[in-house]
Number of protein chains: 2
Amino acid sequence: MARERKFTDEHLFQETKELIIHDGYEAFTFSKLASRLKVSRGSIYKYYENKDELISEFLMYEMARFLSDFGKLNKTADFPTQFNELIDFIFTQSNIYGVLEIIGQIPAPTTKRALNNKSKISEYYISMYQQFEGFIELGRKEGVIKEHLPTAILLGMIFQIIAIPNHFNIPEKEWIGSIKEILSSGMFKHD
Amino acid sequence: MARERKFTDEHLFQETKELIIHDGYEAFTFSKLASRLKVSRGSIYKYYENKDELISEFLMYEMARFLSDFGKLNKTADFPTQFNELIDFIFTQSNIYGVLEIIGQIPAPTTKRALNNKSKISEYYISMYQQFEGFIELGRKEGVIKEHLPTAILLGMIFQIIAIPNHFNIPEKEWIGSIKEILSSGMFKHD
DNA sequence: TATTTAAGTGACACTAGTGTCACTTTGAAT
DNA sequence: ATTCAAAGTGACACTAGTGTCACTTAAATA
């Protein structure tokens, strides 16, 4: 019907992600994004009215992808096995935390689309929380988790362990292994 | 000799901290700071040539303060006692992590003063690292810490535990208590 | 091949930040 | 009281981002 697109949504989201993770929400500009996509700034306005709309669309995309990948994890294995897989998974998603941080920074939506996106993002966020919650419940049912630690704390620690940047450049295997050991001997019952 | 200052360095650093923690490095402007200090933008330029100089000065101030407070902690008690005090201390300094994050964002210094500040900040950073390292060594000497966990990992986890924001608004006592329990039963030897 | 239509452009008017500087204010010292 | 130097101001010229829009380009289809 018309001419070819010079950039895909995926490409735009990828560049947006890098810009936001590197510089933060406030420093994100259409100019920087346009130059990375090698198009004029004006062409981006064909798809997004403003920064908030673009970023809320990006966040929706990222969270949907995260939830979809998370859903593919083995849900039938026993808790210790799933725990292992979950920590591994979280480390393949190490930038999801940067994405979650941005959610708090979205200002009051300026367009209907940004408003819809914002409520969709909240839904995804709740869904993400509930899936992690279900995971902790499994650990309790199997009698693996120390009873007196409240779910919200365990959840908080697992959920946010991804926020810990590996400043000291410790090899990934060792880093993940030690986190698994510290978390599991900290959270699980031992005999 | 001359007229009274309308703002102190401490006041300026306090407002700078709030602005940077809230909006990030890139979004910090002299205009915002001036309006918080209730002075004209021009007057800030009397003391700092530009943003980098101001922020590097602020970081120096913050790290010096952190190191000084850290130095006041009891260094004679046994390791488990010091561990307790350290975690408590870290939580009173919950925004130090935001400050450390900014260090990585300082661009190439544009003035001699900014350059000097940058190298002073590196010194402080190293000193901070070494003090934490000495703390871990104490734990090893006392035979409290699991031998096979490398110092750098333990250090990394303690040093960066402050980065974990309490998203779920769990009461502080419970939050800190659980972190202490998970960390200590994860890192310490049990019999 | 001509037509259609979405994709893309770049110039325009606007807003907000930067760094500078001649000028005014003010309080301490003579 | 006068002096004077540091503190503070606000206007100026500049840079960089925003959002818009009439216009051009190019791929699909009739």
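What you are looking at is a predicted structure, and each value in this text was computed from that prediction instead of being measured. Letters A, B, ... mirror the listed sequences (proteins, then strands); counts begin at 1.
Nucleotide dG17(D) holds its P atom 14 Å from the CD atom of Glu26(A), rounded to whole Å. We find that CD of Glu49(B) is positioned 12 Å from P of dC21(C), with the value rounded to whole Å. One interatomic measurement links the two molecules: CG of Asn50(A) to C1' of dG17(D), which rounds to 13 Å at whole-angstrom precision. Put simply, CZ on Phe7(B) is 13 Å from C1' on dT9(D), counting in whole angstrom units. Regarding Leu33(B), its CG atom lies at a distance of 13 Å from the P atom of dG17(C), rounded to whole Å. Atom P of nucleotide dG8(D) and atom OH of Tyr48(B) are separated by 12 Å, given to the nearest angstrom. In this structure, Leu54(B) atom CG and dT18(C) atom P are separated by 11 Å, rounded to whole Å. In this structure, CZ of Phe30(B) is placed 17 Å from C1' of dC14(D), rounded to the nearest angstrom.
Nearest nucleotide to the Glu4(B) side chain, out of dA7(C), dG27(C), dG8(D): dG27(C).
Looking at Lys17(A), its side chain never comes within 3.5 Å of a backbone N or O of Val99(A) through a donor-acceptor pair. In this structure, the side chain of Ser119(A) engages the main chain of Asn116(A) through a donor-acceptor pair within 3.5 Å.
A salt bridge links Arg113(A) with Glu57(A): the closest approach of a Lys/Arg side-chain nitrogen to an acidic carboxylate oxygen falls below 4.0 angstrom. Taking the charged nitrogens against the carboxylate oxygens, Arg36(A) and Glu18(A) do have a contact shorter than 4.0 Å, which makes a salt bridge.
In this structure, Tyr47(A) has its ring center closer than 6.0 angstrom to the ring center of Phe7(A).
At the heavy-atom level, Ser40(B) lies under 4.0 Å from base atoms of the strands shown. Residue Ser31(A) is classed as a sugar-phosphate contact, given heavy-atom separations below 4.0 Å to backbone atoms only.
The shortest distance between the side-chain N/O atoms of Tyr47(B) and the OP1/OP2 oxygens of dA7(D) is below 4.0 Å.
A donor and an acceptor atom sit less than 3.5 Å apart, one in the side chain of Arg3(B) and one in the base of dA7(D). The base of dG19(C) is paired with the side chain of Arg41(B) by a donor and an acceptor separated by under 3.5 Å. A donor and an acceptor atom never sit less than 3.5 Å apart when one is taken from the side chain of Lys6(B) and the other from the base of dG8(D).
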